[in-house]
Each structure stands twice: as C-alpha cells, then as structure tokens.
Amino acid sequence: MPPAPRARWAIPLALLPLVAQSLCDGFYKAPLHRWSVTAFWFVDVTKFVLLPTLALWALARFAGVRPKDYGLRWPRTATERETFFGAVLLAGLVLVPLYFIADELIWRVWPMARPDFTYGNAMPAAWPLRWLTVAYYSLTAGIVEEIVFRGLPWTWAEPLADTVAKRSIWIAVTSVTFGLVHWENGWPDVLTATVFGIAAAALYLRLRNLWPLIAAHVLTDVIAFA
C-alpha cells in the first residue's frame, strides 16, 4: 500500500512521462541514430537513466514512495534468502523460455518484415564495447521497465484491486501497455512483449518482489541482444 495519501496522485504523475517517452520511441530512434550517434545515446541515457532516477527520487522525496514500496526488497534472513533465490529461479525458468517460445511462434504465425532499425543497429561491432552495450541495454531496460510497468503500477493499484477481477484488469492493462511500448519493433513483438508482461505481472502478484522479475528480464535481454 502506498505509504502516503499523496502517492495516489504522485505515482501516476511520475509514470506519465516515463510511459509516454517509451510510446514515442518508434518516431525518433531511427532518424535520430542516422543523424547523430552521439545524440542517440544522449537521448537513450536520458530515457533509461536520468529521467527514471529523477522520477524515483521525486517520489521518495515528496510522496514517501521508496524502493521497498514498489518491490525492491532484499532478503534479510536465511529463510528470506532461500525464498528469494527460489523466486529468482522460478522467474527465470518461466519468463525467459516463455519470451523466446512466444517470439518464435508469433513471428511464424504473423510473419512480417523486420524493422529497418533495432537496438542492434546501435551496437558497436568490436568487443568489449559490444558486451558493455549489451549489459547497458539489458540492465537499464530490465530495471526501469519492471519498475515502470509492474512495481509502481501495483503500488498505486493495490488498495483498489481487492478482487480477482480487478487484479486481472490490472494485469491486462499493464501488460498491454508494456507490449505497446515495443511497437517500433513490429506488431509481433508487441504481442510477444504482452505475453511476457502477463506472466511477469502474474508472478509479481505472487512473489511481491521485483528483483526476480528484473533478473529474468535482464537475462532475456542479454540473450536477445547477444
């Protein structure tokens, strides 16, 4: 439950620009990268590092919403650590293969031309810069997207989602939104991300800890980008 009443309006206010900028990705990424690689990376770091950091700081400073409130909790006891590592294993075994199986099946059922620009186009060819870029992509997307599309929305919705039907609506809305922010990769990728989002949201309601989802999300992106 949000730690302060002001979180009822502060969380949507923080989420709005973060979600909006993701929905706009497909309009500017390709032309920006063609125009200037430096500008592309400046905008990407702003999107995945600077703005989320500012939004989360503002939530903590002015609304009392801290990381533990949106699922970033570390285990403190031996029993909690056992449960935590079990949750990480569960999330990895469910989400990682689910993404790639869904991706393969959806692209087979709905074949279409791959987009001209993907994040792969912006990767350096030489090692170790390439692997540093893979690490940056995977960590920033895994952490920020899980906070924005799972952790914070549930912090806001939990006091209202007191029935199975309302929780199902939350899963559907957050998962479809998560899928839509990947539209620049083609509609098959929207569906794949939505499937991933449904499973991740359902797991989050069960685990109530965001780190296992982040770990699975990061691993998925590492495999996809590598």
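As a basis for the values below, the full set of heavy atoms in this structure was taken, side chains included, without hydrogen atoms, waters or symmetry mates. Residue numbers count from 1 along this sequence.
Between Phe27 and Trp183, the distance from one ring center to the other falls under 6.0 angstrom.
In this structure, Ala215 and Val88 approach most closely via the heavy-atom pair CB-CG1, 4.2 Å. Listed here is the closest heavy atom pair of Asn209 and Gly71: OD1-O, 3.3 Å. Minimum interatomic distance between Ala200 and Leu213 (heavy atoms only, all atoms of both residues): O-CD2, 3.1 Å. For Arg76 against Arg81, the heavy-atom pair with the smallest separation is O-NH1, 3.3 Å. Here the shortest heavy-atom pairing between Ile214 and Gly142 reads CG1-O, 3.7 Å. Closest approach of Asp221 to Ala141, counting heavy atoms only: OD2-CB, 3.5 Å.
No more than 12 heavy atoms of other residues, nucleotides or ligands shown are found within 6.0 angstrom of CH2 on Trp187. Enclosure of atom CZ in Phe100 by more than 12 non-hydrogen atoms of other residues, nucleotides or ligands within 6.0 angstrom is indicated.
Residues Leu93 and Leu98 do not share a hydrophobic cluster, defined by chaining ILVMFWY side chains whose heavy atoms lie under 4.5 Å apart. Linking ILVMFWY side-chain heavy atoms closer than 4.5 Å, directly or via other members, places Phe149 and Leu13 in two distinct hydrophobic clusters. Neither Leu129 nor Val45 shares a network with the other; the hydrophobic side chains, linked directly or stepwise wherever heavy atoms of I, L, V, M, F, W or Y lie under 4.5 Å apart, form separate groups for each. A single hydrophobic cluster is not seen to contain both Leu89 and Tyr99; linkage of ILVMFWY side chains at heavy-atom distances under 4.5 Å, directly or through other members, places them apart. Cluster annotation: Leu139 and Ile223 are assigned to the same hydrophobic cluster (Ile/Leu/Val/Met/Phe/Trp/Tyr, side-chain heavy-atom contacts under 4.5 Å, transitive).
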Step-by-step salt bridge (Lys or Arg N to Asp or Glu O under 4.0 Å) determination, Arg150 to Glu146: CA-CA 5 Å; Arg150 247 76 70 183; Glu146 290 305 321; 2.7 Å; yes
Verdict with supporting geometry, Tyr137 and Trp41, ring pair (Phe, Tyr, Trp, His ring centres under 6.0 Å): CA-CA 11 Å; Tyr137 282 159; Trp41 281 109; 5.6 Å; yes
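A heavy-atom distance below 4.5 Å is not found between the side chains of Val65 and Trp156. Residues Leu160 and Arg8 meet the side-chain proximity criterion, which asks for heavy atoms closer than 4.5 Å. Annotation: side chain of Asp25 is in contact with side chain of Lys47 (closest heavy-atom distance under 4.5 Å). Side-chain contact between Leu59 and Asp69 is absent, with no heavy-atom pair separated by less than 4.5 Å. Using a 4.5 Å cut-off on side-chain heavy atoms (C-beta onward), Phe196 and Leu95 make contact. The side-chain heavy atoms of Tyr70 and Ile11, taken from C-beta on, include no pair separated by under 4.5 Å. Contact annotation: the side chain of Arg167 approaches that of Trp154 to within less than 4.5 Å [non-hydrogen atoms, C-beta and beyond].
Rounded to the nearest 0.5 angstrom, Ile101 CD1 and Ile106 CD1 are separated by 11.5 Å. Taken from CG in Leu72 to CZ in Arg66, the straight-line distance is 14.0 Å, to the nearest 0.5 Å. In this structure, SG in Cys24 is found 11.5 Å from NZ in Lys29, a value given to the nearest 0.5 Å. The distance from atom CG of Leu191 to atom CG of Leu105, rounded to the nearest 0.5 Å, is 12.0 Å. In this structure, the separation between CG on Leu50 and OG1 on Thr46 is 4.5 Å, given to the nearest 0.5 Å. Here Ser138 contributes atom OG and Trp131 contributes atom CH2; the two are 9.0 Å apart, rounded to the nearest 0.5 Å.
For residues 50-64, there are no side chain to side chain donor-acceptor pair (under 3.5 Å) pairs, not counting sequence neighbours.
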In a table with atom names and distances, give each donor-acceptor pair under 3.5 Å that connects a side chain of residues 170-180 to protein atoms at least two apart or in another chain.
| residue | atom | partner | partner atom | Å |
| --- | --- | --- | --- | --- |
| Thr174 | OG1 | Trp170 | O | 2.8 |
| Thr174 | OG1 | Ile171 | O | 3.2 |
| Ser175 | OG | Ile171 | O | 2.6 |
| Ser175 | OG | Gly197 | O | 3.1 |
| Ser175 | OG | Ile198 | N | 3.1 |
| Thr177 | OG1 | Val173 | O | 2.8 |

Would you tabulate the side-chain donor-acceptor contacts of residues 120-128 under 3.5 Å, counting partners in other chains and residues two or more places apart, or write 'none'?
| residue | atom | partner | partner atom | Å |
| --- | --- | --- | --- | --- |
| Asn121 | OD1 | Thr118 | N | 2.5 |
| Asn121 | OD1 | Thr118 | OG1 | 3.4 |

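Residues forming a side-chain contact (heavy atoms from CB on, under 4.5 Å) with Lys68 (at least two apart in sequence, or on another chain): Arg73. Residues passing the side-chain contact (heavy atoms from CB on, under 4.5 Å) test with Val148 are Leu15, Leu18, Val19, Val144, sequence neighbours excluded. Residues meeting the ring pair (Phe, Tyr, Trp, His ring centres under 6.0 Å) test with Phe48, sequence neighbours left out: none.
Classified by interplanar angle (parallel below 30°, tilted 30° to 60°, perpendicular above 60°), the ring pair Trp74/Trp211 is parallel.
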